[in-house]
Structures are given as C-alpha cells and as structure tokens.
Amino acid sequence: MRIPEFSVHRPVTVLMFILIIVVLGAISLIRLPIELMPDLTYPVAAVITSYESAASEDVENRITKVIETAVSQVKNVKTVNSTSLEGLSLVLVEFEWGTNIDFAAQDMRDGIGMLKKFLPSEIDDPIVVKFDPAMFPVIAYGITGQRDLRDLRTLVKDEIKDRIEMVDGVANAFIMGGREREIQVLIDRTRLESLGIPIQQVVAKLRYENLNLSGGHVIHGHTEYLLRAIGEFENLDQIRDTIVSVPNGAPVYIKDIAAVKDTYKEIRCDSHVNRENGTMLLIVKESGANTAQVVSAVKKQARALKEELPPDIKFHIVLDQGDITERIVASTGQDALWGGLIAVLLILLVLRNWRPTITIALSIPLSILATFVVIYAFNFTLNVMTMSGIALGVGMLVSNAIIVIENIFRYMEEGKDRFRAAIGGTSEVGMAIAASTFTTIAVFLPMFFATGIAGKLSRGLALTVAVSLFASLFVALSLVPMMASKIFRVKAGGGKDGQGEKGEG
C-alpha cells in the first residue's frame, strides 16, 4: 500500500503520527541550546612559559627557539608563531583543520618534555593551552561602590566571585581592576653591603619564615588528628622582627636593613564603569554549556547578591552574549515566521479557497518541527546558521503541497470523488515531487560533509534545509491527501469552492 493510499484509508494512524512529530518537535525545541554561532574548535594551541626577570632577548634565545623546535616536529603543524616578552614566552601553533587538538596538544607536551634539559632550570614549567571560544566571557559586570578600591576588590573576591562560580554552567570568574594589597620590603642597599649580607640570604629568610608546614599526625583513642605548624606572617611587625643574620653574636633584623610598607601592587589594569573607578568581573562558561541559560542563571544570582550586599554596591552589565545571542536568533526566527505567513497569504490570494490554504499552512510548521527533532538528535544548537537554514527552507516547503493540491483538484474537477482524487492525484505527481525534492537536497547535503571552517559553519545550514525539505515531501504525500479526502470540495460546475460539493462518492 502506497503512502497516499495508506493516508486516505488510515487517517487516524496518520494523525497519530503527526501528533508524535508535534510532541517530539516541541520537546526538542525546548531542549535545544541557543548559541550565536556553531560550536567551533579551532586547531590552535599555545605554549606559555614564564621566565621571571629575564630580558626578551634571553627569553627568545633560551626558551622560545627551543620550544619552536619541539612543537615543529608535531604532525599536521601548519604554522608556528612566537612572541618573546620580558619574562614571558608565547608560542602559537596552528594545525591543519580536522586535526584532533587534544592529541596534538599531548604530542606538544611530549616534544617539550624531551627537550626540557635544554631549557633554563629557573623557568616555570611550560603550559600548553588549547584555544577554545568558550574561554571568552559570556557576561561581564562592572562593579562600583562608595569605598576604597582595595576594599571593593576584596569584597568582590570574597563575597561575589565564589557565589557566581557556584552557578551551574559557569567555569570561572576573573577579576580585573581595583587595587591589590602588597607588602613591600624596601632594602637599604648601603646598609646591607656594610653588613656583608647577600640579598639572596634576605629573600631566603623571608621565604622560609613565611610557611605553614605539616607536623604529622597524633592518634588519640580512635581519633587521628592532623598537625600543622603555622608560620605565616600575620602583621608587619613580625616581618620587621625577622632575623636575617647573626654576625659576631648580634642579630640583624629586617627592620635594621629595610623599610616594610603595607601598600598596593603596581596598577597594570585600571577599570572605569560609568566614569567611576571600579572592578570588572568576567564570567566564563563551561565548554558545551548553553550560553543563554548560563547568562540567565548568572543574572538571577547577581540580583540575589545585590539584595544581600551593602546598598552602595552596584552591578553594571558591560558585556552580555546571552542577550546578543537571543536577539539575533529571535530575529532570524521572526524572519522565518514572517516568510511563512506571507507565503500562506499569497497562496490564499491565488487559490481563493481556505481549505487548501489551511492544508498548506499546516505543512510548514510540521516540517519545521520535524527538523527540530533531527537538529536535537545530531547535537546541534539553535544558532544563526541553523535558523538561517530553516528560514531558507520555508519558501521551498510549500511547493510540494501546492503541486499535490492542484493535481487533486484536477481529478475532482474531472468528476472523481475526493477519496479517489486524493489517492490518484497524489500518486500521479509523487515521483515527480520526490525527484525534485531529492535534487534540491543533493545540492545542500554535500555541505554537511565539508571539512575546514567552511564545513563547520555550513553543516547546520545544510542539515536543516535537507531535513525540512524531506519532511515537506513526506507531509505532501501523507497529510495533504488525508486532509483532501476530508475537507476538499468543488463547485457543481467544476470550480474550486466550499459550496455545492460534486462527486461526493
């Protein structure tokens, strides 16, 4: 039994199948993540190495060139770019598209490990970082208050940052601006040289006197207690009274050779919000998390924090990717909706009959809902590309239904009853509209298998267009003949109308 014949003789079964598509499509639409662009993993990794107090020339000769040699031997490397700064080496490695960046990053670590003996022993271990668009902030707050910038930064760090990081989907929150506390020990070089004390000895004394060490454990009955020796400095006087050396039996204290000041770190980044000094809180989402949902949850947490914090603390949204994403996706969705409505109105104007117009109007949302099911099954997101595919497909969705409806009316005008007209009219053009639909799908479907950044961007577009067209073909072969057998009528004289049914059968 062919699809049109089955649809006409089993209308309840077809209706149940249509309802299943509606339910699954609605559930998929609710669960689909909303993003601005498709999820792209750029084949770029960076090697960051810190070499404190080294000149840029030393960094280049002793670190950067060695790391360049190590990473250049990794498979599928396209380009290697490096930057050597004072105390910092940055090597960017770009791979060919399609390279598994996780495996490539591990190969880079192995290559650097093999050449580690050629690197200076004083450097920090090189860090290999993969480039991920998820590392960019999804929302940023400017926080101001009528208080000292040091107190403001401390409040943001202790009471706001941790609460924001507890939000589901948030990976990290970074603080920029404000002032950080710094204890400076300003050594009198002349006094130090007169006592014959090397500067390294002063640094070592301060480092080893400012430690918390494990003291083992003590067992008392059935309870085991961990012991720690608390040795961190608690105030400036403890730093001043630290003994540096005991020449000739007389102790030399830090206060004898240096001035200890409680001050601020050098300002390298300053933040101004609405012409006021303040701090910036940058929130980064977890990889794969829904941008719109994360931003919404962060805003909700920020509103709750605002009620708990002092009244002078104000939150100002500086960056909001969630709002941008929702507005762009909503705008694209509205374009698709208006396109569908205009198509239906034009069909009503041309056919001048509400019965086939309703049939065609139903075929558009059903095809789109079926597309949402496939998008969700393939783990795609609602983004500019997938929504553009839907908007592009709307204009093509009605063509199959129009062809079928016109042929059914031709059969009815020839005197056949609407049941035979629905079956015969649909079957006659079934192969033709199938060939036309699959020809159009064949144009878009290869884009789904394209490689490189173009393939990553166009994959969602190709999938949505192909699936929506296939769904429209199925609807034209099933829903349209079923509804035609129930509601289509013609005038007694043969014209299309809603009165004087002819060939009722």
Side-chain angles (χ1 to χ4, degrees), residues 41-136 172 174-177 180 182-190 192-193 196-208 210-211 244 258 264-270 282 284 453:
T41 302
Y42 294 93
V44 177
V47 183
I48 304 172
T49 310
S50 176
Y51 189 12
E52 189 175 353
S53 302
S56 56
E57 185 176 356
D58 291 336
V59 170
E60 181 180 7
N61 293 329
R62 303 186 64 186
I63 299 176
T64 304
K65 289 184 177 179
V66 176
I67 293 178
E68 285 179 345
T69 303
V71 300
S72 297
Q73 301 173 5
V74 178
K75 187 178 179 181
N76 295 329
V77 171
K78 185 177 180 181
T79 60
V80 178
N81 296 301
S82 63
T83 303
S84 299
L85 305 172
E86 181 182 347
L88 182 68
S89 169
L90 176 63
V91 179
L92 288 175
V93 184
E94 181 182 359
F95 295 90
E96 299 288 347
W97 277 95
T99 303
N100 189 315
I101 193 64
D102 294 322
F103 293 157
Q106 185 57 49
D107 291 341
M108 291 172 60
R109 295 186 186 97
D110 295 340
I112 294 171
M114 293 177 62
L115 298 179
K116 195 172 182 179
K117 62 182 179 180
F118 298 104
L119 296 172
S121 58
E122 314 89 64
I123 68 169
D124 296 335
D125 289 336
I127 301 173
V128 179
V129 180
K130 296 178 294 182
F131 180 78
D132 188 351
M135 296 168 60
F136 293 101
N172 289 298
F174 301 96
I175 303 174
M176 295 179 60
E180 294 184 74
E182 182 177 79
I183 307 299
Q184 296 182 355
V185 180
L186 306 176
I187 296 177
D188 186 339
R189 181 176 178 181
T190 303
L192 194 67
E193 290 178 349
I197 301 175
I199 186 67
Q200 293 81 0
Q201 182 176 339
V202 179
V203 173
K205 280 291 182 179
L206 290 173
R207 178 182 293 120
Y208 295 130
N210 188 40
L211 293 175
V244 178
Y264 304 103
K265 287 185 177 180
E266 180 184 0
I267 297 178
R268 305 300 296 268
C269 177
D270 202 2
L282 311 177
V284 179
I453 188 170

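Computed over heavy atoms, backbone and side chain alike; hydrogens, waters and symmetry mates excluded.
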* **Qualifying residues under salt bridge (charged side-chain N to carboxylate O under 4.0 Å, His left out), relative to Asp58, sequence neighbours excluded** =>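 Scan of Asp58 (salt bridge (charged side-chain N to carboxylate O under 4.0 Å, His left out), adjacent residues dropped) gives none.
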
* Contacts of type salt bridge (charged side-chain N to carboxylate O under 4.0 Å, His left out), residue Asp125, not counting sequence neighbours ->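 By the salt bridge (charged side-chain N to carboxylate O under 4.0 Å, His left out) rule, Asp125 matches Lys116.
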
* To do: Evaluate side-chain contact (heavy atoms from CB on, under 4.5 Å) for Ile187 paired with Val202, printing each intermediate quantity in order.
  => CA-CA 9 Å; Ile187 296 177; Val202 179; 3.9 Å; yes

Any residue meeting side chain to side chain contact (heavy atoms under 4.5 Å, CB included) with [X], in chain and number order, not counting sequence neighbours:
X	result
Glu193	Arg189
Ser72	Val80
Pro120	Tyr51, Arg62, Ile63, Glu122, Ile123

Where [X] and [Y] come nearest, the two heavy atoms and their spacing:
X	Y	value
Ala104	Val74	O-CG1, 4.2 Å
Met108	Phe95	SD-CZ, 3.7 Å
Lys205	Val244	CE-O, 3.5 Å

* With side chains defined as the heavy atoms from C-beta onward, is the minimum distance between Val185 and Leu206 less than 4.5 Å? ->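 Of all side-chain heavy-atom pairs linking Leu206 with Val185, at least one is under 4.5 Å.
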
* **Min side-chain heavy-atom separation Val47-Thr49 under 4.5 Å** =>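 Yes, their side chains come closer than 4.5 Å.
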
* To do: Evaluate the criterion side-chain contact (heavy atoms from CB on, under 4.5 Å) for residue pair Val59 and Leu88; output intermediate values, then yes/no.
  => CA-CA 7 Å; Val59 170; Leu88 182 68; over 6 Å; no

Kindly compute the distance separating [atom1] ([X]) from [atom2] ([Y]), expressed to the nearest 0.5 Å.
X	Y	atom1	atom2	result
Thr99	Asp107	OG1	CG	10.5 Å
Asn76	Phe103	CG	CZ	13.0 Å
Ile67	Ser89	CD1	OG	4.5 Å

* Under the side chain to side chain donor-acceptor pair (under 3.5 Å) rule, what pairs show up with a residue in residues 77-86, not counting sequence neighbours? ->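 Sorted pair list: Thr64-Ser84, Glu68-Ser82, Thr79-Glu94.
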
* State, without any angle test, whether Asp102 and Gln106 hold a side-chain donor-acceptor pair at a distance under 3.5 Å. =>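 Checked: Asp102/Gln106 side chains show no N/O donor-acceptor pair below 3.5 Å.
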
